[in-house]
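Reviewing the structure listed below.
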Amino acid sequence: MSGGVQIIGLDEVIAKRNGSVDPSKFPGEIFELLSIPAFDSGHPEIIAGAEIGSTKQVVQEGDVLLSKIVPHIRRAWVVKPTTNYRLIASGEWIVFRDSRFDPGYLRHLLISEEFHRQFLQTVSGIGGSLMRARPAEVAKIKVPLAPKNEQRRIASILDKADSLRRKRQESMRLAETFLRAAYLDLAKRYSHRSPVESVLANIRNAARTGPFGSQLLVSEFTETGIPVLGIDNVVSNSFTWGARRFVSPEKYAELERYTVRPGDVMVTIMGTTGRVAIAPDDLPTCISTKHLCTLSLNQKKMRPSYLWACLRWDPEVRAQAKRESKGAIMEGWNMGIVKNLMVSEPPIEVQLKFEALLTQVEKFTMRASKAADETDAMIASLSSKYLSLPITV
């Protein structure tokens with residue numbers, strides 16, 4: 001960054017007298033509301049005062065908003081009016097207003113790696129949605145204030161990189177949307193359904209979950225040995241290696257019935273339920289935990305890729321699982337629910353065509369994901385280059 005840079009505290013930048021309004025006192029007035037859900041959807045809510053249940057902050061064009069809730073998610077928003085209605089923002093935002101800052105530059109600063117590291121140190125609360133940053137502590141963070149022309153130049157460079165990242169993320173989203181539409185079309189054309197139980201392999205424990213209780217204690221995990229798979233390996237709906245857990249070969253001999261084989265379909269049944277992944281062909285010997293239901297299929301009846309799509313996207317299957325899980329003794333799914341799910345069962349040659357399509361989409365997605373990772377690394381490098389002056393609390 002060029003010379004003329006000052007280091008200032010955010011206490012100078014946080015809006016102190018931005019005012020508030022109770023929209024319910026103006027039931028017929030239309031407001032432009034910047035809320036956290038609105039940010040996640042990509043555009044403000046255009047909403048009548050009668051539909052807004054609490055007092056809001058008054059904001060103005062050029063303000064920069066920083067979310068203080070769920071702080072590990074980086075949310076910063078430049079206020080750019082899309083209507084002529086009054087601009088208001090929910091109380092979850094910290095509002096920054098300072099004519100010395102280009103709003104785009106300030107937004108990039110507030111989501112930069114160095115700032116975010118400091119920002120997380122201002123957080124209080126017990127995790128999840130209860131965690132929030134404390135504005136009084138955020139105000140103590142010091143940031144670089146470059147000359148205005150330099151700010152605009154930096155913001156322009158980072159905006160272009162950010163746009164590239166969004167395009168690559170959108171391409172991955174569209175690829176999944178295409179695949180989902182292809183599955184739903186097949187399910188509609190081939191309406192015959194069978195319970196999952198009927199397409200399992202003719203082997204012992206073709207559907208299994210566990211080990212339970214004292215069969216496997218946390219204290220029995222080891223540094224090396226036979227991997228133990230859990231929710232984190234399946235939660236993204238594709239198999240990934242998460243935090244590694246192992247059991248000794250001796251312990252594995254006791255739990256061999258819970259072995260996960262290449263091609264098995266794994267479904268999360270506790271915590272985050274209904275996520276599904278296929279065990280890869282190169283999977284080493286592993287066992288699963290009680291948080292997963294593992295299915296070995298008769299692949300002459302049901303291809304793992306087709307069942308994966310059915311469990312993820314079929315509205316009838318999801319509705320059935322929701323109905324039946326409400327009656328479960330414990331919150332979540334169980335093996336009985338999974339085995340009784342009525343899944344679409346087209347002819348195997350149709351399933352194989354879908355599998356070929358899935359393979360092509362996965363290849364595209366892997367290339368797009370790699371490109372997105374490279375873009376993320378580029379953005380991190382650019383942010384470090386242009387926003388790397390000391391930021392201290």
Side-chain angles (χ1 to χ4, degrees), residues 175-176 178-210 227 229 233-234 236-240 255-269 273-288 292-321 324 333-366:
E176 179 164 307
F178 167 75
L179 194 62
R180 178 177 181 273
Y183 165 76
L184 292 174
D185 180 63
L186 287 178
K188 184 176 180 180
R189 287 194 285 130
Y190 297 94
S191 58
H192 174 71
R193 289 181 178 266
S194 303
V196 166
E197 187 171 24
S198 72
V199 298
L200 295 176
N202 186 25
I203 60 173
R204 187 181 180 188
N205 300 319
R208 53 210 178 273
T209 184
L229 304 180
N233 304 107
V234 177
S236 64
N237 288 309
S238 61
F239 181 83
T240 55
L255 304 175
E256 188 174 0
R257 63 174 296 188
Y258 303 111
T259 298
V260 180
R261 306 175 183 88
D264 282 351
V265 177
M266 296 173 287
V267 186
T268 59
I269 59 172
T273 58
R275 302 296 176 90
V276 57
I278 301 170
D281 291 340
D282 60 354
L283 185 74
T285 300
C286 295
I287 62 169
S288 59
L292 302 179
C293 179
T294 303
L295 306 170
S296 297
L297 303 181
N298 178 347
Q299 296 194 20
K300 293 182 179 179
K301 288 186 175 181
M302 178 70 67
R303 300 298 298 173
S305 56
Y306 193 81
L307 182 61
W308 171 85
C310 186
L311 294 177
R312 281 196 68 191
W313 294 320
D314 195 296
E316 292 187 34
V317 169
R318 304 301 291 193
Q320 181 187 350
E324 296 189 12
W333 296 10
N334 57 46
M335 189 167 69
I337 290 173
V338 175
K339 288 168 69 175
N340 289 324
L341 291 174
M342 299 298 293
V343 295
S344 165
E345 190 184 0
I348 197 68
E349 59 269 20
V350 173
Q351 296 183 41
L352 286 168
K353 288 180 180 178
F354 177 81
E355 187 171 84
L357 176 63
L358 172 62
T359 299
Q360 291 301 311
V361 171
E362 284 181 335
K363 287 179 179 178
F364 168 81
T365 302
M366 286 179 65

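Values in this document were obtained by computation on a predicted structure and should not be read as measured data.
The distance from the CZ atom of Arg193 to the CG atom of Leu341 is 10.0 Å, given to the nearest 0.5 Å. A distance of 7.5 Å separates CG of Leu295 from CG of Leu311, quoted to the nearest 0.5 Å. Atom-to-atom distance recorded for Thr209:OG1 and Asn334:CG is 9.0 Å, nearest 0.5 angstrom. Within the model, atoms CD of Gln299 and CD of Gln351 stand 10.0 Å from one another, a figure rounded to the nearest 0.5 Å. Atoms CG and NZ, on Leu200 and Lys339 in that order, are 7.0 Å from each other to the nearest 0.5 Å. The structure places OG of Ser344 at 10.5 Å from CZ of Arg189, a figure rounded to the nearest 0.5 Å.
Thr365 places a side-chain N or O within 3.5 Å of a backbone atom of Val361 that can act as its donor or acceptor partner. Not a single donor-acceptor pair under 3.5 Å links the side chain of Ser191 to the backbone N or O of Lys188. A donor-acceptor distance shorter than 3.5 angstrom exists from the side chain of Gln320 to the backbone of Met342, with no hydrogens or angles considered.
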Legend entry - side-chain contact (heavy atoms from CB on, under 4.5 Å) evaluation trace for Val267 with Trp333: CA-CA 9 Å; Val267 186; Trp333 296 10; 3.8 Å; yes
Inset, instruction - Please lay out, stage by stage, how Arg261 and Ile203 fare under the test side-chain contact (heavy atoms from CB on, under 4.5 Å). - result: CA-CA 12 Å; Arg261 306 175 183 88; Ile203 60 173; 3.8 Å; yes
Inset, instruction - Starting from the C-alpha separation in whole Å, work towards a yes-or-no answer on side-chain contact (heavy atoms from CB on, under 4.5 Å) for Lys300 and Ile348. - result: CA-CA 7 Å; Lys300 293 182 179 179; Ile348 197 68; 5.8 Å; no
Inset, instruction - Could you walk me through whether Arg303 and Glu349 pass the salt bridge (charged side-chain N to carboxylate O under 4.0 Å, His left out) test, one step at a time? - result: CA-CA 10 Å; Arg303 300 298 298 173; Glu349 59 269 20; over 6 Å; no
Inset, instruction - Could you check Trp308 against Leu358 for side-chain contact (heavy atoms from CB on, under 4.5 Å), going step by step and ending with a plain yes or no? - result: CA-CA 11 Å; Trp308 171 85; Leu358 172 62; 3.9 Å; yes
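In this view, Ala279 and Val260, Asp264, Met266, Leu283 satisfy the side chain to side chain contact (heavy atoms under 4.5 Å, CB included) rule, not counting sequence neighbours. The ring pair (Phe, Tyr, Trp, His ring centres under 6.0 Å) check on Phe239 picks up Trp241, with sequence neighbours excluded. Scanning for ring pair (Phe, Tyr, Trp, His ring centres under 6.0 Å) contacts around Tyr306 gives Tyr183, Phe354, with sequence neighbours left out.
The minimum heavy-atom distance linking Gly263 with Pro304 is given by the pair O-CG, 3.3 Å. The heavy-atom pair separating Ala201 from Ala206 by the smallest distance is O-CB, 3.4 Å. Between Arg275 and Asn237, the shortest heavy-atom contact is CA-OD1, 3.4 Å. Minimum interatomic distance between Ser238 and Ala277 (heavy atoms only, all atoms of both residues): C-CB, 3.7 Å. Contact between Glu355 and Ser305 at its shortest, heavy atoms only, is OE2-OG, 3.0 Å. Considering all non-hydrogen atoms of both residues, Ala321 and Ile337 come closest at CA-CG2, 4.4 Å.
Side-chain atoms of Val276 and Val265, non-hydrogen and from C-beta on, do get closer than 4.5 Å to each other. Here the side chains of Leu255 and Ile287 are in contact, with some heavy-atom distance below 4.5 Å. At a threshold of 4.5 Å between non-hydrogen side-chain atoms, the residues Asp314 and Val343 do not count as touching. For the pair Leu292/Ile269, no side-chain contact is recorded, criterion being any heavy-atom separation below 4.5 Å from C-beta on. Here the side chains of Pro315 and Leu184 are in contact, with some heavy-atom distance below 4.5 Å.
Residues Thr259 and Arg208 bring no donor and acceptor atom of their side chains to less than 3.5 Å of each other.
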